[in-house]
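Quick one: this structure, given as structure tokens, is what I'll be asking you about.
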Number of protein chains: 2
Amino acid sequence: MSLELKQAPVGDADAKQRLRIWIRLLKLSRRIESEIRERLRVEFSTTLPRFDVLAALYRKGEGMKMSELSQALMVSNGNVTGIIERLVQDGQVVRMPVEGDRRAMQVRLTEAGREAFARMAEVHEGWVNSMLGSLDDEDAARLLALLGNVSINGRKVK
Amino acid sequence: MSLELKQAPVGDADAKQRLRIWIRLLKLSRRIESEIRERLRVEFSTTLPRFDVLAALYRKGEGMKMSELSQALMVSNGNVTGIIERLVQDGQVVRMPVEGDRRAMQVRLTEAGREAFARMAEVHEGWVNSMLGSLDDEDAARLLALLGNVSINGRKVK
DNA sequence: CCTAAAAATTTTAAGCTTGAAATAAATTCG
DNA sequence: CGAATTTATTTCAAGCTTAAAATTTTTAGG
């Protein structure tokens, strides 16, 4: 009885609060994202999707298959096809056949791609650091933990 | 001296932590965003940008000028032009001349647009609520506060 | 072996997004 | 007034993104 009286309105207030979280989350990440896009464009003549691909490949010296890449980045296969195409044009990436499977393609950074990414990554870290500079150590730790504990469809974000 | 010895490494660790925050933030918001996009598409045959435009217009019965809209949504003018075009096609929005300024255009929801948005907004709130359901009340409040306190380029996110 | 199903990838069509250039109208100020 | 600047918007070219269809190759089962 007290359950019924309480459940509905409380649940509703919670929903509104979670909606506010989502709106704020979206606003913040869009703000940071567009700042990063702008700076990548102005300072390095590149784009965020290209940067993301390079980042994924940077950690895997042996390269990745197209499908691994699209999974890692959580984007569609067709999407990766186009980005890789342009990165190959730019000479930052090479495609190689996968031995034993003629359907698949292994993609790997060139030396130029490796160097370009290393250079960008360092600066990029500085951008993010300064954009989140208003968080002190404690708040940063708290925020990191809170974000890491959210789980969607049973899977944690972390 | 102790200052110098401490400053550099600590600053660096902080930068790494803030970078982790950014990565987690991005991952979470992309996950939520793509879930919402998918559901808007499947259940309402619409898209997130359209939904965002309707949401902005819903609160302003008198409508908004194109430039107000693009500012509110933090996207380019040209972007809004295209989305409005399609919403007009769909009969959810109308454009009207602004009296006293023949350059400007006032955009307003039609009754159909109003109803469609109201219906979607309710369901949408439920989606978000369930996606963020793993946060209890306390954590939700904390997260909301932390997000609201971040400021970029001197401007708070809130 | 050989055919059906599955897997890896590319292609396609449509829409989103941006910055820059173009238009058109309003405002400023000499 | 009239030229120059500013403001509101659209157009354009390029790239990103997706879902669905198509292609090619591999794998499984009879």
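Since we're looking at a predicted model, the values are computed, not measured. First the proteins, then the strands, lettered A, B, ... as listed; each starts at 1.
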With respect to A:Glu125, which candidate in B:Lys16, B:Arg18, B:Arg20 satisfies the salt bridge (charged side-chain N to carboxylate O under 4.0 Å, His left out) definition? B:Lys16
Per A:Pro49 side chain, nearest of listed nucleotides D:dT17, C:dT17, C:dG15: D:dT17
Tell me which nucleotide among C:dG19, C:dA25, C:dT18 gets nearest to the side chain of B:Asp101. C:dA25
So what does A:Ser76 touch, heavy atoms closer than 4.0 Å: a base, only the sugar-phosphate, or nothing? base
What's the closest nucleotide to the side chain of A:Ile83 if the choices are C:dT9, D:dT17, D:dT18? D:dT17
Could you tell me whether A:Gln71 contacts a base, only the sugar-phosphate backbone, or nothing, with contacts defined as non-hydrogen atoms closer than 4.0 Å? nothing
Verify the contact: side-chain N or O of A:Arg102 to OP1 or OP2 of D:dT26, cut-off strictly under 4.0 Å; return yes or no. yes
How about B:Phe117 and B:Phe51: are their ring centroids closer than 6.0 Å? yes
Could you check whether A:Val80 gets within reach of a base, just the sugar-phosphate, or nothing at all, counting any heavy atom under 4.0 Å? nothing
Charged N-O contact under 4.0 Å between A:Asp101 and A:Lys65: no
Contact class for B:Glu68 (heavy atom, under 4.0 Å): base, sugar-phosphate, or nothing? nothing
Using a 4.0 Å heavy-atom cut-off across all strands, classify B:Leu48 as base, sugar-phosphate, or nothing. nothing
Starting the side chain at C-beta, find the nucleotide from C:dG15, C:dT17, C:dT11 nearest to A:Thr81. C:dT11
Would you kindly give the CZ-to-C1' distance between B:Arg103 and D:dT11, to the nearest whole Å? 18 Å
